[in-house]
Number of protein chains: 2
Amino acid sequence: MERGRSALGPALELVHTGRAPTRAVLTAELGVTRATAGVVAAELETLGLIRVDSRPTAAAGAQGRPSHRLAIDPDGPVALAAQVHADGFRAALVGLGGRTVATAPGAMSVPADPVHVLTAVVEAGAELLRRTGRRCLGAGLAVPSAVAEPEGAALNPLHVAWPAGAPVREIFAERVREAGVLGPAGTPVTAFTGNDINLAALAEHRHGAGRGSRDLLCVATGHRGVGGALVLDGRLHSGSSGLALEVGHLTVNPEGRPCYCGSRGCLDVEADPLAFLTAAGRDAGPEVSLLRQAADLLRTEYGDPAVRAATGQLIDRLGLGLAGLVNILNPDRIILGGLHRELLAADPDRLRAVVADRSLWGRSGGVPILPCTLDHNSLVGAAELAWQPVLDDPLGALAGQREKRA
Amino acid sequence: MERGRSALGPALELVHTGRAPTRAVLTAELGVTRATAGVVAAELETLGLIRVDSRPTAAAGAQGRPSHRLAIDPDGPVALAAQVHADGFRAALVGLGGRTVATAPGAMSVPADPVHVLTAVVEAGAELLRRTGRRCLGAGLAVPSAVAEPEGAALNPLHVAWPAGAPVREIFAERVREAGVLGPAGTPVTAFTGNDINLAALAEHRHGAGRGSRDLLCVATGHRGVGGALVLDGRLHSGSSGLALEVGHLTVNPEGRPCYCGSRGCLDVEADPLAFLTAAGRDAGPEVSLLRQAADLLRTEYGDPAVRAATGQLIDRLGLGLAGLVNILNPDRIILGGLHRELLAADPDRLRAVVADRSLWGRSGGVPILPCTLDHNSLVGAAELAWQPVLDDPLGALAGQREKRA
DNA sequence: CGTATTTTGTTCAGGCTCGGCACAAAGCCA
DNA sequence: TGGCTTTGTGCCGAGCCTGAACAAAATACG
């Protein structure tokens, strides 16, 4: 067995998340000696995961010997990332560092059963792998539904018209096997599956607006309804059976309309794209997704008094929901996606004021509220699932079979 | 430096929480060899923390060589635990394993400022230390208020009539210094402070009804209002600034009475002891705490139709609140304290049915709901805070100054 | 312009901890 | 009494890391 270092995983994670640009910072962040950091970096380079600049780079106005930059190897291995959403699907190859290497969108006829859709998206991914000739170390899938653990069943994949309880992880894994997507050991790569908003939050935490946060709350709308996610200490918190952060049924309007959950005035029916269109007095057309329609309306017709009033109303409802979550979770940062991101952009002060006003203690209400920054963050997050074993034990993941226990 | 083993902390934690009754199980739980487990146990014994039975104990009907039992040394060091509540205060010495070695209650004239109360309770604890001659390794304080991190300020210590924002951790630490409570290094022991329900949850997780849970939710009433706590992977989750699980303002009755928070029908005013007395048509007397009055009424007059009706109503409200928390946190167990514990005892099926019915997915609604089992669990939890450094690094904590970094 | 200083990176020796193995101990079972 | 099974201990070697000495590459300064 080659000599493997137990600090290998943490070191790779630091480079992966862009927190270790040089060996000197790596030394500090890992809390080890320069000697160790040097060996670790060399090891990661021989594994083909990172690259050490051959030419030194001097920091501006800094004394001392200039350092060599560390970066994820742009020609390194990739993860196969897949996403299914209301308008179709998308496959991509994502490298370490969250860089999308190749991508392929696809359309979908609406009553499409999960096996067909996942076959198509995995096939698109496999085609990308063939075209680029990249090594693949894992596969991840993002679905617009709560995913029950540990089985990986999609409980409410309504936007994609799948049957409730569809065993998506199993289907996805089966399609990956079938498509012959092999890892270094010559066996099919492991296939992971998660909720799209959860994965978006994970991606934003590692590579986007959530970098450095310890208690990150992410709230977003998709096509219909409202979803949430929580990243604690760098790990997704999805609860004991994957069903945490189902935030859609917080009461945000005691006099609001009845919800299918039995209560009334739930966030799900008071702050989603359909609620916005209704509040603005528009009819929803069938051609594109409700999210697209709502976002377009908000961006192009904000001058219209009805649109402006609807925006204010939804901001107030959303703010109430966020304040409720702040009282329960006390995050250090909030990231908004989908229509909520547009609402934030339209009137950030109003949203922040509502949250601060309705949180119990001013201090926790002063939490920063930011928009998502990554494109296709659910795809990047799906890749993060696949990268996790590599980050936990680079040697084991690349050797494929010969393992070591920390 | 003596030879210190990095597995020392995990091993002590296993014995502390009663999950390692013998060296054989310790071996399995730590995932090390018998050789290592043996050395670790010997080391912990020479440190005076645990005791290894000299006589072997045969498990009933088991083959093979009988094992020697491991147990926390009953004469080992203690932590000074202190609690302040609506009716007075209490000091105690708590050993590893959550065993209360000595305790001393105290009364309090109601408008008592924090310095006086904490001086009294620390003095009572110091007296216990003098009487018993125990070594003390740390001090912990439980207060009926949210405690803001990192300063340790009590934000709403209403039940004890303290000023909002009182720097209780600082005051407590100062009193501990003043009382001359010294640790092994000859310096004053570290003083920790936390919210009482948080600490109760921590204690129940380590020694009570929460043992073995990975996502533990605890909800309880004190004198007034409703509090919550969350223990994730064995660590208290109190949010980025200590203000998580302020669950009192979940809406549980859209037609309910207005709350001081600006909303209406909040859990805080719909499911606390005063709400129960009011719903049962009783007037609150001033002599004892509202919790006591409500619990007595529920236990002694459950035959009274008004009391029974009030019980049902509060169970429904509480169930709605718990369902909301289940949708957000997806815990694997719920523990109830205070009046909520009595409500659960009165009609467990009704409460479980409401939670299951109003959680989004039947499976997460099927979470077990259990009553608290420990006496004075906030005190035991306060001691847990003080034990944490010892569990993290037994050698460092006992040496007092000579440290090692894992 | 040459030397001192600062920071980065490498090589080597030594030490600490743990795993693996052999062996011993202490009870059931036949 | 002689296996069998489980528990506990002693010893050696492997792996990983620290510390120190050395080397390299830039800036600072007289």
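Letters A, B, ... are given to chains in the order of the sequence lines, protein chains preceding strands, and every chain is numbered from 1.
Considering only the side chain of A:Pro66, D:dA26 comes nearest among C:dG27, D:dA26, D:dT7. The side chain of A:Ala7 sits closest to D:dC17 out of D:dG8, D:dC17, D:dA26.
Within 4.0 Å (heavy atoms only), B:Ala37 reaches no atom of the nucleic acid at all. The residue A:Arg23 sits close only to the backbone: its heavy atoms come under 4.0 Å of sugar-phosphate atoms, none of a base. Base contact: A:Thr33 has a heavy atom under 4.0 Å from a base atom.
Applying side-chain contact (heavy atoms from CB on, under 4.5 Å) to B:Ser240 and the options A:Leu216, A:Leu232, A:Asp332 leaves one that passes, A:Asp332. The only member of A:Asp75, A:Val15, A:Leu44 that meets side-chain contact (heavy atoms from CB on, under 4.5 Å) when paired with A:Arg51 is A:Asp75.
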At a cut-off of 3.5 Å, list every protein nitrogen or oxygen paired with a nitrogen or oxygen from nucleotides 12-15 of chain C, distance to 0.1 Å.
none

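At the phosphate of D:dT7, neither OP1 nor OP2 sits under 4.0 Å from any side-chain N or O atom of B:Thr27. Contact check, B:Thr22 against D:dT7: no side-chain N or O comes under 4.0 Å of OP1 or OP2. The phosphate of D:dT18 has OP1 or OP2 within less than 4.0 Å of a side-chain N or O from A:Thr36. For C:dC16, the OP1/OP2 oxygens have no side-chain nitrogen or oxygen of B:Ser6 closer than 4.0 Å.
For CD of B:Glu170, the number of neighbouring non-hydrogen atoms (other residues, nucleotides, ligands) closer than 6.0 Å is 12 at most.
Between A:Glu29 and A:Arg19 there is no salt bridge, since none of the side-chain N atoms of the basic residue sits less than 4.0 Å from a carboxylate O of the acidic one.
Along DNA chain C, the nucleotide nearest A:Arg69 and the nucleotide nearest B:Pro56 are compared for position; the residue whose nucleotide lies closer to the 5' end is A:Arg69. Residue-to-nucleotide proximity on DNA chain D shows that, of B:Gln63 and B:Gly38, the 5′-proximal contact is made by B:Gln63.
For A:Arg55 and D:dA26, the CZ to C1' distance is 14 Å, given to the nearest whole Å. Rounded to whole angstrom, the span from the CG atom of A:Asp53 across to the P atom of D:dA24 amounts to 20 Å. Rounded to an integer number of Å, the gap from CG of B:Leu26 to P of D:dT6 is 19 Å. The separation between A:His68 atom NE2 and D:dA24 atom P is 12 Å, rounded to whole Å. Regarding B:Glu29, its CD atom lies at a distance of 17 Å from the C1' atom of D:dT7, rounded to whole Å. Nucleotide D:dC17 holds its C1' atom 15 Å from the CZ atom of A:Arg34, rounded to whole Å.
Under the 3.5 Å distance criterion, with hydrogens and angles disregarded, a donor-acceptor pair is assigned to the side chains of A:Ser241 and B:Asn330. A:Thr132 and A:Arg134 share no side-chain donor-acceptor pair at under 3.5 Å.
Taking the six-membered ring for Trp and the full ring otherwise, the centers of A:His237 and B:His237 sit at least 6.0 Å from each other.
Side-chain atoms of A:Arg65 come within donor-acceptor range of the base of C:dT8, with a qualifying N/O pair under 3.5 Å.
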- prompt: What's the verdict on salt bridge (charged side-chain N to carboxylate O under 4.0 Å, His left out) for B:Arg169 and B:Glu149, showing C-alpha distance, side-chain angles and the deciding distance?
  reply: CA-CA 10 Å; B:Arg169 177 174 305 143; B:Glu149 299 296 341; 3.0 Å; yes
